[in-house]
Amino acid sequence: MCGIVAYLGSREAYPILIKGLHRLEYRGYDSAGTAVLNDAGQLNIYKAVGKVSNLEHVAEGHDHSGTIGIAHTRWATHGAPNEVNAHPHLSQSGDLTMVHNGIIENAAILRDQLKQRGFTFKSETDTEVLLQLIEYTQQKHVVDLASAVRIALQKVIGAYAIAVIDRKEPDTIVAARKSSPLAIGLGEDNCEFFIASDASPIAGYTNKVVYLNDEEVVSCRRGEELHITTLNAEKVDVRAKEIDLDVTMLDKGGFAHFMQKEIFDQPAVLRDCMRGRLLPAHRRIVLSAVTEHREELINAKRFIMVSCGTSWHAALIGKQLIEMFCRIPVEVAYASEFRYSDPVVGPGDVVFALSQSGETADTLSAIQLAKERGAMIFGIVNAVGSSIARASDTGTYIHVGPEIGVASTKAFTGQTTVLAMLALAIGREKGTVTEQVYLDTLAELETIPDKISRILEKDDEIKALAAEYADKKNFLYLGRGMNYPVALEGALKLKEISYIHAEGYPAAEMKHGPIALVDKDMPVVFLATHHNLYEKILSNMQEVVARKGRVLAIVSEGDTVVKDIAEHVIEVPHTLNSLCPLVSVIPLQLLAYHIAVSKGLDVDQPRNLAKSVTVE
Ligand code: G6P
């Protein structure tokens, strides 16, 4: 988390930095700051607690001229989110300024050592420690900024993406990364540099991007081409990629919030996700990763899925789809648990990493460990060129476009769509899915975007329901089978953006504890679509009604039975059991959205959360 932007070129830096920070605000919004070096060699630093708009207010009317600068939006780790702890930080001499994303794990030890050498600290941050270490190194070894950064970073344990400016070298930015992402856009004549935590601040200026690898250090010097080295000063070739980022996707497009736009984007982006892969005319699903790795996939003794948050919920759906169509056992693990569990994993296993951002630190570490132990890594990622995508042996992008609202929506349905295509494609190669089921599911998958559009037409109806429930303090979400992960996801959506306590459960498990919570004040959202466990869920619903719980049920169109039991129902179009999460999750996304809006909360940037969790 935290977002970094830096610029060096012939344009004014400040507007580029501010625009970039707005695009990175999803990564954290505890505080923001800029440092721009003007033509007179003066460093002007502005900081503000909270969002980038506060920073703009603070800097308004002051000098922020200059063509070289760095900027930061923070998700606090070390130290409270106040102005002193906000980045950019300044070194003891006042010459060096730096922004940082990541955690320096040995910061406390380094801080003590630097104190003994006469350094003092203004903030509680690990960033200031690293900056003072760079200054100390520069003074001790009498070296330039890039060398000092390389030497200092060798003493550091932890994760970092940094950008540093030294007033004594006014035409240079030095940047480096380990575990936290960093991209460098190459503008005019390859001598204009846009540095950022992801490509979104770069989009619109250039499509030529270099993604740094771990422990690489770059020097961006005015009038020169990019120079990359390892921490040991060995030269590294510049590997520029052409990226294709649709700038319109980075705007709200007339919607009130990014989350709302992303919910409504789903029919279109799921068509993008399936385009060129699901080929109904040829009665085929073609995924290049399955073609290229056919043998490893069909002969795998088991699959393991690692992920966090919403991506973990998608993995629970993926497990059911793969077991259903491929008859390969699938384990689903929280990446944060997997990485420290000394997992039994090795050759013959395929480990799937599911991640919207492709930067989640726990997921990245989990696959690095699995890879070291000989497993094949299959990435299911949205952010093209991200760390997880690059660390994977193969994979399938979900291609749903940038997701900016912190609460994930279209990435979830995108992941589920890819998992359905994947399970069908592998199952067909393996011969574990019948031709009829394969063709029926393929044809049904193609209709899903239209079915989602029909649910989105119920927006007003769901908004009205949201008003009825917005004052509740607790919610239960219950589902079974394919709808069980949807119950978890519905509860997570509500929790994340409305701050209402919500729990998702497999409906039958309710009687083993959660039922004690049910009374007239407890809304219970049932996923009760017409699928194989429909009768069972009706019984669970009766049990709740008998205890006076208020039932809101998601049902299949035309259902008359649940209408008599539940207080409210929302109808969704019929689909196959295997694909039902793709329709049943949509009303839950809208319900959470409208409840949060009616409570006047910040839907896109809920408190304490960040979209890209690059710390463990
Ligand atoms: C954060 C986000 C969630 C997301 C999770 C995993 O917690 O707020 O929305 O599901 O990280 O992120 P990933 O990018 O790996 O899918």
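In each ligand, atom 1 is the first atom listed, and ligand 1 is the first ligand listed. This structure is a prediction, so every number in the text was calculated from the model and none was measured.
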Ordered by chain then number, the protein residues lying under 4.0 Å from ligand 1 by heavy atom are Cys308, Gly309, Thr310, Ser311, Ser355, Gln356, Ser357, Thr360, Val406, Ser408, Glu496, Ala610, Lys611, Val613
| message | Under a 3.5 Å distance rule, please check whether Asp604 uses its side chain to pair with a backbone N or O of Phe258 as donor and acceptor. | response | yes
Any donor-acceptor pair under 3.5 Å linking the side-chain atoms of Asn85 with those of Arg74?
no
*Donor-acceptor side-chain pairing of Ser598 and Lys463 below 3.5 angstrom*: no
Requested in this report: Answer yes if the ring centres of Tyr505 and Tyr477 are under 6.0 angstrom apart, and no otherwise.
Outcome: no
Please determine if Asp265 and Lys410 form a salt bridge, counting it only when a charged side-chain N lies under 4.0 Å from a carboxylate O. yes
Taking the basic N atoms (NZ, or NE/NH1/NH2) and the acidic carboxylate oxygens, is any pair closer than 4.0 Å for Lys51 and Asp602?
yes
